[in-house]
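To keep things clear, I will list the structure first and then write my remarks on it.
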Amino acid sequence: IVTRRQAMAIGAFGAVAAFSRPVRADLGALEEAARKEGGLTWYIAQIDGETAELVGKAFTARYPGIKVTVMRTTGQVAYERLLQDLKNTTPNCDVFSSTDISHYPALKAKKALAPFTPQNAAGLAPAFKGLGEDGLYYPTTSTLHVLAYNTKLVPAADAPTNWPDMYAAKWKNQTATGHPAFSGYTGQWVLAMRELYGWEYFEKLAANRPQIGRSGLDPITMMNAGERKLGCAPLSGVLLSADKGNPIAPVYPADGSVLCLGPAAVMAAAPHPNAARLFMEYLLSEDFARFCVEYRIDPVRPEVKPRAGAKPLSEVKLIRQTVEEIGKGVPEVIEQWRDTFGS
């Protein structure tokens, strides 16, 4: 069910796109071929299911007759599903949007990514250029992994200010996290904390008995429900939840917010290759960037600025990780996590 506000947003994005879309013969031919295919399947982990469905509807509003089937789950689960598809030679996924950029070099090695250079890739903001691999995969969204707290249960003066506050004695039985084996963004946060503070950080956190979900968004649900007072989560999810009137607020930690990229790629065995390529063009477009800002996802286009309540990246102390660091480090911290937390 789409609310009136959501319908207006979808309609507005579709109208803007139809009015401002440049006329390009090659994209016109791609659109025609995509319409003959009728749709595509999108494996998506970067945003919640409701918002992902709205992205699909906005795309269809711009390109009538091309439906997006959304398969939303956590990053690692989406990747395992994709690998199973490849193993069984039963391709279902057309466009893969993960929360773990290290998935893409691994898929490249399997020759599972379709060579494709979207026209809109030229419009990436300078901060995001070179963070994918030209001709194969590109960042289409980003967010920060930050601290957050329940504003009804925690006065602003008592809110956490840095990552070690998660294991302060006063927060015992009061914190929440995702799980690195399921959430790519959580995996990157765990890796960043290990780099900053060593694994001792998580030994201390375990002693505080945090509530552990799966998705990086699960702590937001726990904090909104009053089950936990503070936690860590993607900034986009925290701000979107606060916009809906929930008692939650973000904190940009003084010791750094983890920059998490949301890459996307067309699959080599895509059942709908033309629709998949058109959808990749959309994910890198200014129109999608404006949709991102409306729903608190950080855009990767320079023309679009964050809404009030979110800081520009230039004003935030960032923790950045390379693809190589994530690819090597996340599997390591998943095993360490299981040893420490028992799951």
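No donor-acceptor pair closer than 3.5 Å links the side chain of Asp158 to the backbone N or O of Val154. Remark: the backbone N or O of Ser343 is paired with a side-chain donor or acceptor of His179 at under 3.5 angstrom. Between the side chain of Asp255 and the main chain of Asn162, no donor-acceptor pair closer than 3.5 Å is present. A donor-acceptor pair under 3.5 Å links the side-chain atoms of Glu325 to the main chain of Thr322, judged by distance alone. Tyr104 contributes a side-chain N or O that, together with a main-chain N or O of Ser98, makes up a donor-acceptor pair within less than 3.5 Å. Under a 3.5 Å cut-off, the side chain of Asn208 and the backbone N or O of Pro210 do not form any donor-acceptor pair. Of the possible donor and acceptor atoms, none in the side chain of Glu286 sits under 3.5 Å from a partner among the backbone N and O of Pro302. The closest donor-acceptor contact from the side chain of Asp218 to the backbone of Ser215 lies under 3.5 Å. Within the 3.5 Å criterion, the main-chain N or O of Ile66 finds a donor-acceptor partner in the side chain of Thr60. Side-chain atoms of Asn92 never come within 3.5 Å of backbone atoms of Thr41 as a donor-acceptor pair (strictly under, hydrogens ignored).
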Are Ser241 and Asn246 close enough, and set up right, to give a side-chain hydrogen bond (donor to acceptor under 3.5 Å, both in side chains), and what steps lead you there? CA-CA 6 Å; Ser241 183; Asn246 290 308; 3.0 Å; yes

Tyr149 vs Asp165, side-chain hydrogen bond (donor to acceptor under 3.5 Å, both in side chains): CA-CA, chis, key distance, verdict: CA-CA 12 Å; Tyr149 66 98; Asp165 284 343; over 6 Å; no

Evaluate side chain to side chain contact (heavy atoms under 4.5 Å, CB included) for Leu144 paired with Leu313, printing each intermediate quantity in order. CA-CA 9 Å; Leu144 300 176; Leu313 292 182; 3.9 Å; yes

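Taking OH of Tyr79 as the start and CG of Asp100 as the end, the distance is 8.5 Å to the nearest 0.5 Å. Rounded to the nearest 0.5 Å, atoms OG (Ser97) and CE (Met280) are 7.5 Å apart. Note: Asp94 CG to Tyr43 OH = 9.5 Å, rounded to the nearest 0.5 Å. Taken from CG in Leu40 to CZ in Arg277, the straight-line distance is 12.0 Å, to the nearest 0.5 Å.
Val293 and Phe291 end up in different hydrophobic clusters when Ile, Leu, Val, Met, Phe, Trp and Tyr side chains are linked at under 4.5 Å. Under the 4.5 Å side-chain heavy-atom criterion for Ile, Leu, Val, Met, Phe, Trp and Tyr, Tyr282 and Val304 are members of distinct hydrophobic clusters.
Proximity of Met267 to Asp85: side-chain heavy atoms (C-beta onward) are nowhere separated by under 4.5 Å. When side chains are defined from C-beta on, Thr140 counts as touching Leu284, because their heavy atoms get closer than 4.5 Å. Proximity of Lys305 to Pro312: side-chain heavy atoms (C-beta onward) are nowhere separated by under 4.5 Å. Looking at Met223 and Val238, their side chains never come closer than 4.5 Å, going by heavy atoms from C-beta outward. Within the 4.5 Å cutoff, the side chain of Leu124 has no heavy atoms near those of the Leu131 side chain.
With sequence neighbours excluded, no residue satisfies side chain to side chain donor-acceptor pair (under 3.5 Å) with Gln188. For Tyr167, the ring pair (Phe, Tyr, Trp, His ring centres under 6.0 Å) partners two or more places apart in sequence, or in a different chain, are Tyr201. Residues satisfying the ring pair (Phe, Tyr, Trp, His ring centres under 6.0 Å) test with Phe279, not counting sequence neighbours, are Trp42, Phe59. Looking at residues two or more places apart in sequence or on another chain, you find a ring pair (Phe, Tyr, Trp, His ring centres under 6.0 Å) between Phe341 and Trp337. Legend: residues meeting salt bridge (Lys or Arg N to Asp or Glu O under 4.0 Å) with Arg301, ordered by chain and number and at least two apart, are Glu303. Residues satisfying the side chain to side chain donor-acceptor pair (under 3.5 Å) test with Arg296, not counting sequence neighbours, are Asp243. Annotation: side chain to side chain donor-acceptor pair (under 3.5 Å) contacts of Thr51 (sequence neighbours excluded): Asp48. In this view, Lys110 satisfies the salt bridge (Lys or Arg N to Asp or Glu O under 4.0 Å) rule with no residue, not counting sequence neighbours. With sequence neighbours excluded, no residue satisfies salt bridge (Lys or Arg N to Asp or Glu O under 4.0 Å) with Lys67. Tyr138 meets the ring pair (Phe, Tyr, Trp, His ring centres under 6.0 Å) test with no other residue; sequence neighbours excluded.
Between Arg338 and Glu335 a salt bridge is recorded (basic side-chain N to carboxylate O distance below 4.0 Å). The residues Glu281 and Arg62 are annotated as not salt-bridged, no charged nitrogen and carboxylate oxygen being separated by less than 4.0 angstrom. With salt bridges taken as basic N to acidic carboxylate O contacts below 4.0 Å, none links Arg290 and Glu294.
A centroid separation of less than 6.0 Å is found between the aromatic rings of Phe202 and Trp189.
Under the salt bridge (Lys or Arg N to Asp or Glu O under 4.0 Å) criterion, the residue pairs touching residues 187-207 are Arg194-Glu332, Glu200-Lys204, with sequence neighbours excluded. Note on residues 226-237: pairs passing side-chain hydrogen bond (donor to acceptor under 3.5 Å, both in side chains), not counting sequence neighbours, are Thr143-Ser236, Gln211-Glu227, Gln211-Arg228.
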